[in-house]
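Quick note on labels: first sequence line is chain A, next is B, and so on, each numbered from 1. This is a predicted model, so every value here is computed, not measured.
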2 protein chains.
Amino acid sequence: MTTDSRSAPTAPSSLPRPLLTERQEARRRRILQATTRLATRGGFDAVQMREVAESSNVALGTLYRYFPSKIHLLVATMQDQLQQLHETLRKRPLTDEDPAARVAQTLMRAFRAMQREPHLADAMVRALTFADRSVSSEVDTVSRLTTAIILDAMGPAGASGPPTPEQLSAVRVIEHTWHSALITWLSGRASIAQVKIDIETVCRLIDLTNPNSPR
Amino acid sequence: MTTDSRSAPTAPSSLPRPLLTERQEARRRRILQATTRLATRGGFDAVQMREVAESSNVALGTLYRYFPSKIHLLVATMQDQLQQLHETLRKRPLTDEDPAARVAQTLMRAFRAMQREPHLADAMVRALTFADRSVSSEVDTVSRLTTAIILDAMGPAGASGPPTPEQLSAVRVIEHTWHSALITWLSGRASIAQVKIDIETVCRLIDLTNPNSPR
DNA sequence: CGCTAATCTAGAACAAGTTTCAGACTGAGT
DNA sequence: ACTCAGTCTGAAACTTGTTCTAGATTAGCG
């Protein structure tokens, strides 16, 4: 069984994934690449397990051994993409004074990345929110990654100590808003501008939990 | 055949649903009832189209004529339930001074209703967030209903004029948080207490947009 | 009443996610 | 190199959402 639990890898690379041989790691990579490719083309529906298997030169059964369901597969893909995003963001940190502004800008960067590949975004986000309990640990990993990105934006480098519980609540709410706003955008019920407003609105909560300059 | 000839629900005005004969209205009702029953038992997965059809004495093809997909069916169910909730809430309005507190309390009432039937909640919420563009108008209806409930809680009776754009943004963010927090709860990644905190946290945005007492 | 179009029914058929199975392959220990 | 357990493959089977078809029913309407 894949009882896969570990702590977040603070250092870049070196993810403590249960020991895989080189060929297995390569298979896993191929699968994720094929998934990304198919998702980029046609979104959630275009990621068909048979096609992913064929496209990555792996038997269907093997695909299911690596990822026990389509949802698992897409959530893993999201984890992959987020990891990349996180490193990209680390490279060019924002310099704005206001933490709230930095967070909003960071999320808008991520949002622009999604706009570049809306189908891929669709596949990943739909999988993420459709996931049931059987995927909770994987979804949780994605969630922790997202939290890390937001916290990075909030308190750059060695900021003043660990975040307060209040701040963590604010971050959770920001994450909620982020996910849900994405969904409304993906399903065509909200414009890009509206998503921007929502993000900026919710980021005001950060000011609210920052004793230094509340409003 | 249950030729059930009870009087029409006291609901003020049914929406302009394209003219249906009485038998058709009855069929529609049976379908929604069966759906609710099945969803209450086992959540999203337990709502199987063949079972819904059989359970409501309707052919599978007919079911699909009434609701073009499982997602449509569940979103319609949610609309139904929300409508009921809305009326229940109207009957016993909250009296708290603070608008933010009223909204938070209202959402917690709704949340408690969901806790009573977690499977049903699962089915409806999962459908709602999984819905793609083909369901957007129906999802939008649900969204408007939710907004109405929140606005009701915010400005009871004839409050001071229509809400400002800022307030509407806050409401949208609250809705985002509400949906996403529900999902994390349903998938077992957040406790009831945490959902409560998130709701209360996001509701602070209301104070922030209320010029009278911003902290 | 008798006609016509729309609707409904039963059931088969199809699509894609998931499971299963027999046999081939790999790799770690001897 | 030999063997055994675990892994991978190819293919079929199973499940459930969705579509399709032919014939029965129903609702209006002259």
*Mind calculating the distance between CE (A/M49) and P (C/dA16) to the nearest angstrom?*
14 Å
*Give the rounded distance in Å between these two atoms: CG of A/D45 and P of D/dT18.*
11 Å
_Protein-nucleotide distance (A/L38, atom CG; C/dG17, atom P), rounded to Å_ = 11 Å
*Whole Å only: how far is the NZ atom of A/K70 from the P atom of C/dA15?*
16 Å
*A/S136: side chain to side chain donor-acceptor pair (under 3.5 Å) partners, not counting sequence neighbours*: none
_B/E54 atom CD: more than 12 heavy-atom contacts under 6.0 Å_ = no
*Figure out the CZ/P separation between B/R28 and C/dT7, and round it to whole Å.*
16 Å
*Should the pair B/R29-B/D80 be classified as a salt bridge under the 4.0 Å nitrogen-to-oxygen rule?*
yes
*asked:* Any non-hydrogen side-chain atom of A/H72 less than 4.5 Å from a side-chain atom of A/Y66?
replied: no
_Tell me the interatomic distance from B/L73, atom CG, to D/dG17, atom P, rounded to whole angstroms._
10 Å
*Please give, in whole Å, the distance from C/dC8 P to B/E25 CD?*
12 Å
*Partner residues of B/D96 under the side-chain contact (heavy atoms from CB on, under 4.5 Å) criterion, sequence neighbours left out*: B/D98, B/A101, B/R102, B/Q105
*Reading nucleotides 8-15 of chain D 5' to 3', which nucleotides get B (base under 4.0 Å from a protein heavy atom), which S (sugar-phosphate only), which -?*
SBB--B--
*Ion pair present between A/K196 and A/E200, side-chain N to carboxylate O less than 4.0 angstrom?*
yes
*Can you check the B/R23 CZ to D/dG28 P distance for me, whole Å?*
11 Å
*Describe the nucleic acid contact of B/V47 in one word from base, sugar-phosphate, nothing, applying a heavy-atom distance below 4.0 Å.*
sugar-phosphate
